[in-house]
Amino acid sequence: MDALILTEDQPLTGQLTGWGQVNDIQINQQSPSIIAPRTIDASNIDILIIDLRHEAFETNNINMPPLAEIRDTLISNNHHLYILYILTEIDPEYWQHAHEYDYRLILPAPSGKFEAKLNTILTNCRVMHELKSQVLLMETLFDRSRDGIAISDKHGNLLITNHQLNTLFGYQHHALDGKNVSELLPKPYNEHFRDYLARFNTSVEEYSEGHKLVEEGEGVDINGKIIPVELSITELPGLNDMRYLSVIRDIRQKALTTRALAKQSHYDPLTQLPNCDLLQSRLDKQLNQWNINRVYEAPTLMLIDINRFKVINESLGRNEGNQLLIELSRRLRFHLEEKDTLYRVASDEFAVAFRAGITENQILTLIGQISDDLTTPFFVNTLDLYVSVSFGVARADRETDSGASLIRSADQALLIAKHPGNEAWAFFERQDKKPDIHRLELESSLFKALENEEFELHYQPQLTLKNNNILGAEALLRWTDPKHGAISPIEFIPILEDTGLIDRVGNWVIQSACAYWKFWQDEGLIPASSKVSVNVSPYQFRNTGLLVAVKSALDETGLNPKNLILEITESTLMSDDEDNLAILHTLKSLGITIALDDFGTGYSSLSYLTKFPIDYLKIDRSFLTNIMDSDNDAHLVTAIINMAHSLEMPVIAEGVDSWEKLNFLNQKGCDSYQGFYFSRPVNGNEFIRLLNQTNKMQA
């Protein structure tokens, strides 16, 4: 520490110098008569000792400024300066004069107790010096903080503010002093701030962890611009009147990042449309409001599915498929009202959350407009692509308790719309019946059946009527559920179709049938000319993955396409003639055989025989049930056989369960048959055993 004494008293200087050496204080001495106190550089001085006994400080000395001016000048140069005044103990005039000017310390002239008093003063001086240094450090940190900081009273009035707080809100330095924190917060944060500040004042127990409250909100600057901020309030203990430290942090960059992440997680990056998560969240809010106040219109949702999109994506490539999706999203938005919102909820599926009050007729009109628009092809990669879509519509009712349930209802309507023979659109209609727990259990189990290898193929032999030779077999899907045992295909096939699992399971059937048939051929267990027949569901037939699945099965197993028959039901071909014709021709180009299954149960049967590339005709088992007792059924079966033969098509009869029926078919010239009379469907091992047994008998 450095001390300066203004005196010419040599004994006093010597005494203070010795005291300074003992206490590690650098003592400097100057004469007041040479250098006026106002010219002293006090910036690096810790203690200033003024000997008021010197004549320069005489009260009537016109050459010296008043003591008050001297004090103020020195303190202004160093507000941490510690000033001691030396005067004669018995001099009442100076004593009184010093007290009038409120000097910091008054020290009597040197005496026996002088050093003891100096030591006491020195201790106080060092403590004060350290405190002042800490205060200076805190003031520097306070004003240089990157966060806005203020000290306020219990009402939120700003007593002291730092530079960053003023800058953040566009004010000059300290211009915010005296304002209230709430003046920097827009509604509704303004009222909210007053509420939690009052709560903070009256219930600090709620904030026992440091009595601190932190909230994110918005601030408003001097120009009325909204600023995302984080406000924290901490109690400052130890004061008579409650004070709080408030920190207001600029979180604009954080808000931008949060919004960017929200957009990334809630919007489709390809079409820039909101995604399924955001749709469900918004529907939840709308349904909650609707359930509170039924005056509002029930939310209405429409799902739009692109038919055969997978074929386009796999045939042309992902980039071309993406171009199609972007263009389709633009077309869809063109037809929507401003308050209707379009979403992309799956790879080939969009959704429309309709405005309140839309009617069914308005939705039907919209469906017509979109369908008409899609008759104009999409130009993608030098190709004109024609796209069709299906629509499923659902309106919330009293049973709709969430956005997810409304989406499920629209999805069920979409499944109905995509069913062969139906319109391209459907409205969801809730069935007033108790839930089928057994069906729900089966549905849940089916999702795991393929991975758990619970499916199995059984084979029903197909034989010639002329010499009873086995031509091949129809591969039939069987399922044994671990809980319920063997489940009839009549029961589980519709569930596969309703849940969309039919594609995966159907592809597995094709792959497995080809693999087993090729293996048996290679082992010499079945004739090289024998054929395996596989049923194709109407849903699977319309899926773009069928062609890929068939080609993949043939390529991977090495089975000759001539050994594979795909059985297509008549109802499958009842709509979209041109599309179906194209699919059949593509399948035929692979070299496989097409059989028309369940013939006679549909409509316009004759036209299908001449229009589509069909190789075999299968008479439905329902016509053979009463063939021996009903002349009508007998005549009908005879007519079918004759008609097929006139078109040079072989005929296979299903459901032959007696010798009488077999004999009747033989007399009418039917080519081949299958049924319980020869064998029920059996597993692969039983089929090979049956085949070997038949061959030995014929040999």
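- The line from CD of Gln280 to CG of Leu406 is 10.0 Å long, rounded to the nearest 0.5 Å.
- Proximity of Met302 to Leu366: side-chain heavy atoms (C-beta onward) are separated by under 4.5 Å at one or more points.
- No more than 12 heavy atoms of other residues, nucleotides or ligands sit less than 6.0 Å from atom CD of Glu453.
- Distance alone, capped at 3.5 Å, is enough to place a donor-acceptor pair between the Thr694 side chain and the Leu690 backbone.
- Taking both residues in full, the closest heavy atoms of Ile306 and Leu328 are given as CD1-CD2, 3.4 Å, listed atom of the first, atom of the second, then distance.
- Between the side chain of Asp411 and the main chain of Ile407, no donor-acceptor pair closer than 3.5 Å is present.
- Side-chain atoms of Asp305 never come within 3.5 Å of backbone atoms of Glu349 as a donor-acceptor pair (strictly under, hydrogens ignored).
- Using a 4.5 Å heavy-atom threshold, the side chains of Tyr343 and Leu273 count as separate.
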**Request:** Determine, stepwise, if the pair Leu301 / Leu283 fulfils side-chain contact (heavy atoms from CB on, under 4.5 Å).
**Result:** CA-CA 9 Å; Leu301 179 70; Leu283 287 177; 4.2 Å; yes
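- Counting heavy atoms from C-beta outward, Glu441 and Asp481 have side chains that stay 4.5 Å or more apart.
- Judged purely by atom type and a 3.5 angstrom limit, Asn563 has no side-chain atom pairing as donor or acceptor with the backbone of Leu559.
- With Asn452 contributing its side chain and Glu454 its backbone, the two residues share no donor-acceptor pair below 3.5 Å.
- Between the CD1 atom of Ile470 and the CD1 atom of Ile526 there is a distance of 10.5 Å, given to the nearest 0.5 Å.
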**Request:** Report the C-alpha distance between Phe428 and Ile416 in whole Å, list the side-chain angles of each, state the deciding distance to 0.1 Å, and finish with yes or no for side-chain contact (heavy atoms from CB on, under 4.5 Å).
**Result:** CA-CA 9 Å; Phe428 174 75; Ile416 295 172; over 6 Å; no
**Request:** Might you work through the side-chain contact (heavy atoms from CB on, under 4.5 Å) test for Glu491 and Leu442, ending with a clear yes or no?
**Result:** CA-CA 9 Å; Glu491 187 173 5; Leu442 292 183; 3.3 Å; yes
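- Residues Leu525 and Trp517 have side chains not in contact (no heavy-atom distance under 4.5 Å, counting atoms from C-beta outward).
- Note that the CD1 atom of Ile652 and the CG atom of Leu596 stand 11.5 Å from one another [nearest 0.5 Å].
- Leu566 CG to Phe541 CZ: the interatomic distance, rounded to the nearest 0.5 Å, is 9.5 Å.
- For the residue pair Asn507/Gln540, the side-chain donor-acceptor check at 3.5 Å is satisfied.
- Among Gln674, Glu474, Arg680, Glu654, the one residue that satisfies the side-chain hydrogen bond (donor to acceptor under 3.5 Å, both in side chains) test with Gln460 is Gln674.
- Residues Leu617 and Ile641 form no side-chain contact, since every pair of their non-hydrogen atoms from C-beta on lies 4.5 Å or further apart.
- Minimum heavy-atom separation, Asp498 to Arg439: OD2-NH2, 2.7 Å.
- Across all non-hydrogen atoms, the minimal contact from Ala475 to Asn535 is O-ND2, 4.1 Å.
- Atom OG1 of Thr359 and atom CG of Leu364 lie 8.5 Å apart (nearest 0.5 Å).
- Ser329 has its side chain out of reach of Arg344: every pair of non-hydrogen atoms, C-beta onward, lies at least 4.5 Å apart.
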**Request:** Begin with the C-alpha distance, continue with both residues' side-chain angles, and end with the deciding distance and a verdict on side-chain contact (heavy atoms from CB on, under 4.5 Å) for Glu567 and Ser533.
**Result:** CA-CA 7 Å; Glu567 297 188 5; Ser533 297; 3.2 Å; yes
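- Nearest heavy atom pair, residue Pro489 against residue Arg478, reads CG-NH1, 3.3 Å.
- The one candidate from Thr464, Asn666, Asn468 that meets the side-chain hydrogen bond (donor to acceptor under 3.5 Å, both in side chains) condition with Tyr673 is Asn468.
- With respect to the salt-bridge test (charged N to carboxylate O, under 4.0 angstrom), the residues Arg504 and Glu451 qualify.
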Would you list the atom pairs, donor with acceptor, under 3.5 Å between side chains in residues 587-595 and any protein atom, with sequence neighbours excluded?
{"residue": "Lys588", "atom": "NZ", "partner": "Asp615", "partner atom": "OD1", "Å": "2.8"}
{"residue": "Lys588", "atom": "NZ", "partner": "Asp615", "partner atom": "OD2", "Å": "2.8"}
{"residue": "Ser589", "atom": "OG", "partner": "Thr586", "partner atom": "O", "Å": "2.4"}

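- Among Val550, Thr557, Leu554, Val532, the single residue meeting the side-chain contact (heavy atoms from CB on, under 4.5 Å) criterion with Ile510 is Val550.
- For the residue pair Glu456 and Trp508, the shortest heavy atom distance occurs at N-CH2, 4.0 Å.
- Put simply, the side chain of Gln521 gets close to the backbone of Ala528: a donor and an acceptor are under 3.5 Å apart.
- In this model, a donor atom of one side chain and an acceptor atom of the other lie less than 3.5 Å apart for Asn467 and Asn469.
- Salt bridge present: Arg689 and Glu686 bring a charged side-chain N and a carboxylate O closer than 4.0 Å.
- Rounding to the nearest 0.5 angstrom, the gap separating the NZ atom in Lys668 from the NE2 atom in His635 is 8.5 Å.
- Shown here for Leu457 and Leu477, the closest heavy-atom pair between the two residues is CD2-CA, 4.3 Å.
- At a threshold of 4.5 Å between non-hydrogen side-chain atoms, the residues Leu691 and Pro461 do not count as touching.
- Residues Ser530 and Trp520 fail the side-chain proximity criterion, which asks for heavy atoms closer than 4.5 Å.
- Looking only at distances, a side-chain donor or acceptor of Asn642 sits under 3.5 Å from a matching main-chain atom of Thr638.
- Between Phe427 and Trp425, the ring planes lie perpendicular to each other; the angle is over 60°, past the 30° to 60° tilted range.
- Defined by atom type and a distance below 3.5 Å, a donor-acceptor pair is present between the side-chain atoms of Thr400 and Asp397.
- Listed for the Lys466 side chain is no donor-acceptor partner under 3.5 Å among the backbone atoms of Asp671.
- When atom types are taken as modelled, the side chain of Ser646 and the backbone of Met643 share a donor-acceptor pair closer than 3.5 angstrom.
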